[in-house]
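Just so it is clear, the model here is predicted, and its values are computed rather than measured. Letters A, B, ... are given to chains in the order of the sequence lines, protein chains preceding strands, and every chain is numbered from 1.
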2 protein chains.
Amino acid sequence: MGARLHSTDQVIKGLAEVFREHGFQGASLAHISKATGLGKGSLYHAFPGGKDDMAAAVLADIDAWFESHVFAPLNDADVPASKSIDHMLDACVDYFHGGGRVCLVGVFALSDTRDSFEDTVNGYFHRWADALSAALRRSGHSRALARSMTEDVLAGIQGGLVIARAFDDNGYFEREIKRLRARLKAC
Amino acid sequence: MGARLHSTDQVIKGLAEVFREHGFQGASLAHISKATGLGKGSLYHAFPGGKDDMAAAVLADIDAWFESHVFAPLNDADVPASKSIDHMLDACVDYFHGGGRVCLVGVFALSDTRDSFEDTVNGYFHRWADALSAALRRSGHSRALARSMTEDVLAGIQGGLVIARAFDDNGYFEREIKRLRARLKAC
DNA sequence: GTCTATAAAGCGATAGAC
DNA sequence: GTCTATCGCTTTATAGAC
């Protein structure tokens, strides 16, 4: 039973949990009501647009977290690039619970839900890529190499999450992060 | 609508298309009926267990394709390891339409559908990992390095598919394959 | 702001004619 | 083997009391 946590933030956390577990289509209002502790009436009062509004709110929450915890440090010229990159990988391990939590943006990217949230999904990965590329350029890499490494790292993170979940093995994700860290240092 | 392609193989191809596009939950019998050209009665005659049976048939079809086109060559000691690995990457670009087609096994791994098909999902990636590791060992790498490279490659492929779809950019996947190919050669 | 009751539509699945 | 008609249930969403 949802432990009646009705602050806006807690509701969004509950929503995120349901969408991550069941995907957009599988997240029924019955599941959502149970996870948030709110009845349908309350949910539609808070999110007049229904599930679409709820998912948009969750995505905006995720986006804001990554913006402040990951993208901003990467873009900050006052932070040493190597430090902000290390911090990015630490933040990923934390955020994705060492591989036990899927990336909702990635899940949406793979589903037909993608069409409804195309700009948000696109923007999330785009800003991540731009920020990491900027940090890599600050650490002396060419534009082309920075871009290539960035693409490789984003794929490694998302793929690590997919396979960690397929194997139900968080270690898989953590080893992938370790490999990415080494590769980013070595270049 | 569906161009009345009622051979078993064509039906399974239609099913696969629907599951890839909409996921398991989003693949309604209406969609499935349209894509296969078969009515509900015919579908339940062919798949008495309903959607679960249909998805299982699709997964078995995918599994068989990879087994014969990818895993078997990788395991074949008579084929030079470098050749079977190159062939694996070519097969992936072909099969996933250069990044425009998602990996249904990966999609299922991320969804709560995973629980229903746990063994199949697990087995698919496990046999892939074992086959690639075997090829890498034949090409002279230590057990540990072969395993690490294998994990990195599988993550790169799956992650490349996720982000290529997020950006709607097949080039992303193809560049990731190129990077993996270079890394596998360089080691 | 939260709830219950209810509407209207779509769902997976089945029955039975052909 | 394929179809149509139908069942029973769940779905999203709304209305209205409190």
Side-chain angles (χ1 to χ4, degrees), chain A residues 1-59 61 104 107-108 111-117, chain B residues 1-59 61 104 107-108 111-117:
Chain A
M1 288 293 171
R4 200 178 286 89
L5 306 162
H6 292 186
S7 88
T8 302
D9 197 60
Q10 296 280 20
V11 167
I12 288 182
K13 258 49 177 176
L15 288 171
E17 193 183 324
V18 177
F19 284 125
R20 263 191 275 260
E21 189 171 346
H22 300 286
F24 183 79
Q25 317 231 29
S28 70
L29 287 179
H31 284 137
I32 291 171
S33 187
K34 190 172 169 184
T36 59
L38 291 173
K40 292 182 193 177
S42 304
L43 288 167
Y44 275 87
H45 178 81
F47 306 99
K51 274 175 69 177
D52 277 51
D53 268 17
M54 299 179 209
V58 170
L59 288 176
D61 187 64
L104 187 60
V107 170
F108 277 19
S111 79
D112 60 351
T113 313
R114 197 197 77 98
D115 299 335
S116 309
F117 303 102
Chain B
M1 282 302 163
R4 200 176 286 91
L5 306 162
H6 292 186
S7 88
T8 303
D9 198 60
Q10 296 280 19
V11 167
I12 288 182
K13 259 46 177 178
L15 288 171
E17 193 183 324
V18 177
F19 284 124
R20 263 191 275 262
E21 190 171 345
H22 300 285
F24 184 79
Q25 317 232 26
S28 71
L29 287 178
H31 285 137
I32 291 171
S33 188
K34 189 173 171 184
T36 58
L38 291 172
K40 292 183 192 178
S42 305
L43 288 167
Y44 274 88
H45 179 79
F47 306 97
K51 274 175 69 176
D52 277 50
D53 268 17
M54 301 180 207
V58 170
L59 287 178
D61 187 65
L104 187 60
V107 170
F108 277 17
S111 78
D112 59 352
T113 313
R114 197 197 78 97
D115 300 333
S116 308
F117 302 102

side-chain hydrogen bond (donor to acceptor under 3.5 Å, both in side chains) partners of [X], counting only residues at least two apart:
X	answer
A:S116	none
B:D112	A:H22, B:Q25
B:D53	none
B:S42	none

Please report, rounded to the nearest Å, how far the C1' atom of D:dT10 is from the NE2 atom of A:H31.
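Interatomic distance, NE2 of A:H31 to C1' of D:dT10: 11 Å.
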How close or far is atom C1' of D:dG1 from atom CG of B:L43, stated in whole angstroms?
12 Å
Sequence neighbours excluded, the answer for side-chain contact (heavy atoms from CB on, under 4.5 Å) partners of B:D115 is none
Results of side-chain contact (heavy atoms from CB on, under 4.5 Å) for A:R20 - residues two or more places apart only
A:A16, A:I62, A:Y95, A:R101, A:V102, A:L104
Quick check on [N]: is either OP1 or OP2 less than 4.0 Å from any side-chain nitrogen or oxygen of [X]?
X	N	result
A:H6	C:dG1	no
A:H45	C:dG1	yes
A:S42	C:dC3	yes

Compute the bend angle of the helix from C:dG1-D:dC18 to C:dC18-D:dG1 from the end axes (five pairs per end), rounded to 10°.
0°
When you compare the side chain of A:I32 with that of A:K51, does any pair of heavy atoms fall below 4.5 Å?
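Yes, side chains in contact.
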Residue pairs involving residues 34-58 of chain A (criterion ring pair (Phe, Tyr, Trp, His ring centres under 6.0 Å); sequence neighbours excluded):
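Non-adjacent pairs meeting ring pair (Phe, Tyr, Trp, His ring centres under 6.0 Å): zero.
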What string of B, S and - do you get for nucleotides 12-18 of chain D 5' to 3' if you count protein non-hydrogen atoms under 4.0 Å?
BBB----
